[in-house]
Protein chains: 4
Amino acid sequence: MFFHIDPADGLAIYDQVVRQVKFAVARGVLSPGELVPSVRELARELAINPNTVARAYQQLQTEKVLQSVRGMGLQVSADARSNCRKERQQLIASRIAQAIAEARQSGLTAEELQVIVEKQIATEYAK
Amino acid sequence: MFFHIDPADGLAIYDQVVRQVKFAVARGVLSPGELVPSVRELARELAINPNTVARAYQQLQTEKVLQSVRGMGLQVSADARSNCRKERQQLIASRIAQAIAEARQSGLTAEELQVIVEKQIATEYAK
Amino acid sequence: MFFHIDPADGLAIYDQVVRQVKFAVARGVLSPGELVPSVRELARELAINPNTVARAYQQLQTEKVLQSVRGMGLQVSADARSNCRKERQQLIASRIAQAIAEARQSGLTAEELQVIVEKQIATEYAK
Amino acid sequence: MFFHIDPADGLAIYDQVVRQVKFAVARGVLSPGELVPSVRELARELAINPNTVARAYQQLQTEKVLQSVRGMGLQVSADARSNCRKERQQLIASRIAQAIAEARQSGLTAEELQVIVEKQIATEYAK
DNA sequence: GTGGTCTAGACCACC
DNA sequence: GTGGTCTAGACCACG
């Protein structure tokens with residue numbers, strides 16, 4: 001499966017699921033019309049409680065990323081892809097902006113920060 | 001004051017206080033031997049609950065950044081500066097690493113991410 | 001067909017089917033002795049699952065509105081019309097009573113409510 | 001307390017709570033800035049599970065009717081009153097419209113329906 | 001099988 | 001004390 005939950009992320013688990021579903025739609029791993037894994041199945045795969053998955057899916061429905069097909073499951077909405085693409089940029093950028101704001105506030109110069117960031121990007125994408 | 005609390009940061013408020021005290025020590029804004037603001041005073045300035053400040057100070061004592069001076073308050077420990085300098089790098093780097101890991105997981109390429117990061121750094125340091 | 005299913009009605013689909021069969025009998029659209037559409041046919045027409053229709057028909061048999069004719073299907077019972085007429089009043093009245101009770105509870109005066117109701121009746125019967 | 005839960009309403013309990021909070025704000029029973037009953041307190045009063053109240057309150061937060069005051073509770077938003085007033089009309093009208101649509105579909109004439117409605121309004125407001 | 005709702009009880013951060 | 005989150009397990013409606 002394309003999800004990975006990190007209990008130490010700081011973000012709530014249901015929120016991690018929400019973000020990752022959006023990312024999967026943005027990437028095209030999930031396509032409009034496609035059924036997402038069932039609540040029970042995803043819960044089993046991620047080793048979390050079905051209610052937690054249900055909560056994430058519910059939020060994704062109110063945000064119109066998913067829509068329910070009675071008795072069949074939940075389906076990616078037709079216009080979800082473009083919305084998720086836009087939102088992905090914003091979600092990532094704001095999280096990075098927060099980290100950068102703290103870095104600056106900590107007294108690091110832009111140059112020192114630049115070094116750290118480049119090293120981290122290199123490390124991450126080398127995996 | 002050298003602190004800035006952001007309720008929307010995602011981090012717990014007491015944790016933000018802990019980090020910012022460490023950063024202030026690393027920057028030299030707070031020097032070894034210097035007394036930090038009292039719980040009540042800092043709570044008033046940051047408009048947060050005194051219990052939250054007390055909790056942050058308690059953790060800082062546990063981590064030997066602060067030590068109590070009977071009847072005077074809390075002062076920055078003698079060896080706090082070098083420790084805080086080291087930790088600053090690590091705190092900042094790990095938060096950035098988390099954001100970058102999510103960015104990669106979301107399907108962004110290193111190049112797309114680089115663009116976002118540079119833009120955010122420029123924005124932040126232009127303030 | 002004399003039925004109309006509204007997925008957004010709030011009522012369960014099988015319950016909508018039950019009510020509408022009763023109403024059809026009350027109106028005389030379905031007469032005692034007449035055969036109702038088969039489960040499969042009605043399911044196809046309403047674009048719902050045959051199980052849902054079967055469940056509605058089962059309840060209608062339990063309530064003696066329909067009775068099975070071996071090898072033929074389900075027919076409207078002899079005494080169904082008068083019973084359905086009585087029940088129609090009660091079903092409609094109680095649903096309206098519920099809506100009115102909520103309206104009152106919401107703080108609307110009888111006059112304000114009267115205005116809303118008359119407007120809605122006019123709108124509905126103008127269709 | 002100004003709430004009343006009816007398990008036989010058909011509506012989900014959490015939805016009944018959501019609607020009634022909105023109605024209370026619309027009526028002025030709850031004023032902007034005022035703290036609503038705590039999750040645990042309201043759960044106790046209504047004899048339902050705290051999670052059910054929490055779910056209702058959460059939805060009210062996403063709809064900007066309530067906002068949280070850290071450690072203090074949940075407060076009615078500044079602009080909630082006018083929004084709730086508008087929504088009350090719409091919530092009531094649509095529920096009534098549904099009942100009326102069914103009444104018409106059942107074969108009742110506008111006149112017969114009018115009689116039923118007036119009787120129900122009289123009954124309800126005589127309580 | 002599916003999602004939707006509800007209950008029960010737990011731990012956490014914050015005031 | 002407050003809300004926020006998570007787990008566990010139940011029942012219902014629908015396919």
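Lettering of chains follows the sequences in order, A, B, ..., and the numbering in each one begins at 1. Values below: every heavy atom of this structure, side chains too, minus hydrogens, waters and symmetry copies.
A 4.0 Å heavy-atom criterion places the boundary nucleotides of DNA chain F facing chain D at F:dG1 to F:dC6, written 5' to 3'.
The salt bridge (charged side-chain N to carboxylate O under 4.0 Å, His left out) contacts involving residues 47-61 of chain D comprise nothing, where partners must be two or more places apart or lie in separate chains. Listed by first and then second residue, the salt bridge (charged side-chain N to carboxylate O under 4.0 Å, His left out) pairs that reach into residues 65-75 of chain D come to none, sequence neighbours excluded. Within the structure, every pair that satisfies the side chain to side chain donor-acceptor pair (under 3.5 Å) test and touches residues 22-32 of chain D, not counting sequence neighbours, is listed here: D:Lys22-D:Glu63, D:Lys22-D:Glu87. Pairs engaging residues 10-19 of chain D under the salt bridge (charged side-chain N to carboxylate O under 4.0 Å, His left out) rule: C:Glu102-D:Arg19 [sequence neighbours left out].
Under the side-chain contact (heavy atoms from CB on, under 4.5 Å) criterion, A:Ala24 pairs with A:Phe2, A:Phe3, A:Val29, A:Leu30, not counting sequence neighbours. For A:Asp9, the side chain to side chain donor-acceptor pair (under 3.5 Å) criterion is met by A:Arg95, not counting sequence neighbours. Under the rule for a side chain to side chain donor-acceptor pair (under 3.5 Å), D:Gln16 has no partner lying at least two apart in sequence or in another chain. Legend: residues meeting side chain to side chain donor-acceptor pair (under 3.5 Å) with B:Arg88, ordered by chain and number and at least two apart, are absent. Every side chain to side chain donor-acceptor pair (under 3.5 Å) that D:Gln67 has, sequence neighbours left out, goes to D:Gln75.
C:Ile13 comes within 4.0 angstrom of the backbone, heavy atoms only, and of no base.
For D:Arg70 and E:dC15, the shortest distance from a side-chain N or O to OP1 or OP2 is below 4.0 Å. Distances shorter than 4.0 Å separate some side-chain N or O of B:Thr52 from OP1 or OP2 on E:dC15.
Applying a 4.0 Å cut-off to non-hydrogen atoms, none of the residues of residues 56-66 of chain C approaches DNA chain E.
D:Gln59 CD: more than 12 foreign heavy atoms inside a 6.0 Å radius.
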A correct dot-bracket answer for DNA chain E, with pairs being Watson-Crick or G-U at under 3.5 Å, [ ] for crossing pairs and | for inter-strand pairs, is ||||||||||||||.

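The residue among D:Val39 and A:Asn49 whose nearest nucleotide of DNA chain F lies closer to the 5′ end is D:Val39. Each of A:Ser68 and D:Asn51 has a nearest nucleotide on DNA chain E; the 5'-most of these lies closest to A:Ser68.
Residue B:Ile48 contributes atom CD1, which lies 7 Å from atom P of E:dC15 at whole-angstrom precision.
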